[in-house]
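Only heavy atoms go into these numbers, but all of them, side chains included; no hydrogens, no water, no symmetry mates. Bear in mind that the values here come from a model prediction, so they are computed numbers and not experimental data.
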Amino acid sequence: TFDGTSWTETADMATARHSGAPANQPGANSSTLVAGGVTDDYVSLTEEFNVSINTVTAAAFSTGGSMGTAKYGVNCFGTGKTSQVAVGGSTATPTSPTGNSETYNGTSWSEGNNMGTTRFNGAGGGTETAGVVATGRNPVANPSPQVRYGNTEEYDGTSYSEVTDCPEASYRKVGAGTQTALMICGGIPPSFPPYADTSFEYDGTNWTSGGTMPQRGDYMDGVGVTTAAVVFGASRPGGSPANNTSLDYDGSSFSANNNMNINHGGQHFASGTVTDAIVGGGGAPYAISATSETYDGTTFTTNATLGTVGQRGGKGTTSAAALCCGGYGGSPGTQFLTATEEYNVESTAVNAKTLTTS
């Protein structure tokens, strides 16, 4: 290309040739074509040349600071990749639950005060200074019995305090919300099997029964609050798996939404709002995945791929602030993860030296 002073190498034709026919468009330096020409023989090939004013950088996950403790089934809450709390989890096989609590500031994790009840596979919600963790399990003997908790603890940014128990002691009952507007659903109750189809709402003081799910299942993580939420995925091993399920919740009842493109059963991260969310990781029951997809309130679109596959944790209040952390990687030696990944949305840069207005 020629800017009036100098030439700049821009691109090569796919087929080298001479004597081709140019488009000969006066002043057209952003799109043109060349047709025909001669190589070792005459050719009929046509090639088009286009220069976009924009450079688009695709959405991607980037590596963040590693957690201090590798753990699976961690309870997460926070605004996202610059403010995240990861508490509890299982740290070894056979399962070894912990009450360990770590906080992420966008660069590194720091250890804080432990949760009062040692557990994993609980439900979390809220922010770094106003969080809540409910339910969970602690297998005091492996593989049984499984101790299920209704215990609920609130977090003030420094310490955890015991509050009113959830009416149903269970684990893998997860959902969406804040410290004063939390909804949790599904899970594995004391009467298991079958999986639960119950939901409960927490207002910061008391628990009340919510709507009944149209299907049974566990690990349906989501976004929103008690009056407007959407939950994604449901693992039902041994039954009829529905790992790509999406359900809306309006504060009293659930309704089926469009299914996801990908199975996100098992623990997965979810971040955003009911009209702008991202969900990723997980997989079919107990499998692992690196895929993610975005949600606009109606449709799911396949999105960026995680660098580390697995059943991952992570919560956020916007899709742009999404983060995934810890989890289960599946392969021997990498079952329990410390990996943290931050989501970077698609961006567009304008390829122009000077912009003027008139």
Side-chain angles (χ1 to χ4, degrees), residues 57-89 100-112 123-133 155 157 174-179 221-225 230 232-233 264 267-282 289-296 301-329 336-348:
T57 302
F61 288 91
S62 58
T63 302
S66 295
M67 301 178 71
T69 302
K71 46 197 170 187
Y72 156 73
V74 66
N75 308 297
C76 293
F77 54 89
T79 57
K81 60 187 179 184
T82 60
S83 179
Q84 186 81 180
V85 177
V87 60
N100 171 272
S101 180
E102 298 183 52
T103 301
Y104 189 64
N105 63 6
T107 303
S108 59
W109 291 89
S110 58
E111 186 145 350
T127 65
E128 182 183 334
T129 56
V132 58
V133 176
Y155 183 65
V174 292
T178 67
Q179 190 183 79
D221 218 344
V223 299
V225 293
V230 58
F232 313 109
H264 291 289
Q267 187 175 21
H268 47 275
F269 73 88
S271 185
T273 67
V274 293
T275 57
D276 181 10
I278 182 171
V279 54
S289 171
T291 53
S292 76
E293 49 191 310
T294 53
Y295 175 68
D296 63 6
T301 303
T302 303
N303 200 258
T305 301
L306 292 167
T308 302
V309 300
Q311 299 200 26
R312 314 294 303 278
K315 283 281 197 178
T317 52
T318 67
S319 60
L323 164 146
C324 69
C325 59
Y328 174 79
F336 299 91
L337 305 173
T338 61
T340 300
E341 295 183 52
E342 302 171 8
Y343 177 62
N344 303 295
V345 299
E346 180 181 286
S347 62
T348 302

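- Shortest non-hydrogen contact noted between T273 and T317 is CG2-O, 3.7 Å.
- With rounding to the nearest 0.5 Å, the separation of CG in L323 from CD1 in I278 is 11.0 Å.
- For S66 and W109, the side-chain atoms include no donor-acceptor pair closer than 3.5 Å.
- In this structure the side chain of T57 never reaches within 4.5 angstrom of the side chain of E346, judged on heavy atoms.
- Side chain to side chain, T302 and E293 fail the donor-acceptor criterion of an N or O pair below 3.5 Å.
- Separating the OG atom in S110 from the CE atom in M67 is a distance of 11.0 Å, to the nearest 0.5 Å.
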Go through it in stages, so that I can follow the logic: the residues are E342 and Y104, the test is side-chain contact (heavy atoms from CB on, under 4.5 Å), and I'd like the CA-CA distance, side-chain angles, deciding distance and then a yes or no.
CA-CA 11 Å; E342 302 171 8; Y104 189 64; 2.6 Å; yes
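- When every heavy atom of V225 is checked against every heavy atom of T178, the shortest pair comes out as CG1-CG2, 4.1 Å.
- For the 3.5 Å distance criterion, the side chains of D221 and Q267 fail to qualify, holding no donor opposite an acceptor.
- Y343 is listed as a side-chain neighbour of N303, based on a closest heavy-atom distance under 4.5 Å.
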Please determine whether side-chain contact (heavy atoms from CB on, under 4.5 Å) holds for the pair T308 and L337, giving the CA-CA distance in whole Å, both sets of side-chain angles, and the decisive distance to 0.1 Å.
CA-CA 9 Å; T308 302; L337 305 173; 3.9 Å; yes
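- Smallest separation of non-hydrogen atoms from F232 and A277: CZ-CB, 4.2 Å.
- D296 CG to T275 OG1: the interatomic distance, rounded to the nearest 0.5 Å, is 8.0 Å.
- Separating the OG1 atom in T340 from the CD atom in Q84 is a distance of 9.0 Å, to the nearest 0.5 Å.
- In this structure, V85 and S101 have side chains that are in contact, with non-hydrogen atoms separated by less than 4.5 Å.
- Atom CZ of F269 is separated from atom CZ of F61 by 3.5 Å, given to the nearest 0.5 angstrom.
- In this structure, OG on S292 lies 6.5 Å from CG on L306, to the nearest 0.5 angstrom.
- Side-chain contact between T291 and H264 is present, with heavy atoms from C-beta onward closer than 4.5 Å.
- With no hydrogens or angles considered, no side-chain donor-acceptor pair links D276 and Y295 at under 3.5 Å.
- When all heavy atoms are compared, the tightest approach of E128 to S83 is OE1-OG, 2.5 Å.
- Between Y155 and T103 the shortest side-chain heavy-atom distance falls below 4.5 Å.
- Residues K71 and T338 form no side-chain contact, since every pair of their non-hydrogen atoms from C-beta on lies 4.5 Å or further apart.
- In terms of heavy-atom proximity, G222 sits nearest to A270 at O-CB, 4.0 Å.
- The closest side-chain heavy-atom distance from E102 to T69 is below 4.5 Å.
- Between V279 and H268, some side-chain heavy-atom pair lies under the 4.5 Å cut-off.
- For the pair S271 and A321, the tightest heavy-atom approach, listed with the atom from each and the gap, is OG-C, 4.2 Å.
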Using the side-chain contact (heavy atoms from CB on, under 4.5 Å) rule, take K315 and V174 through it: C-alpha gap first, then chi angles, then the decisive distance, then the call.
CA-CA 12 Å; K315 283 281 197 178; V174 292; over 6 Å; no
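- We find that E341 and R312 are joined by a salt bridge, their nearest charged nitrogen and carboxylate oxygen being less than 4.0 Å apart.
- By the 30° and 60° cut-offs, the orientation of the rings of F336 relative to Y328 is perpendicular.
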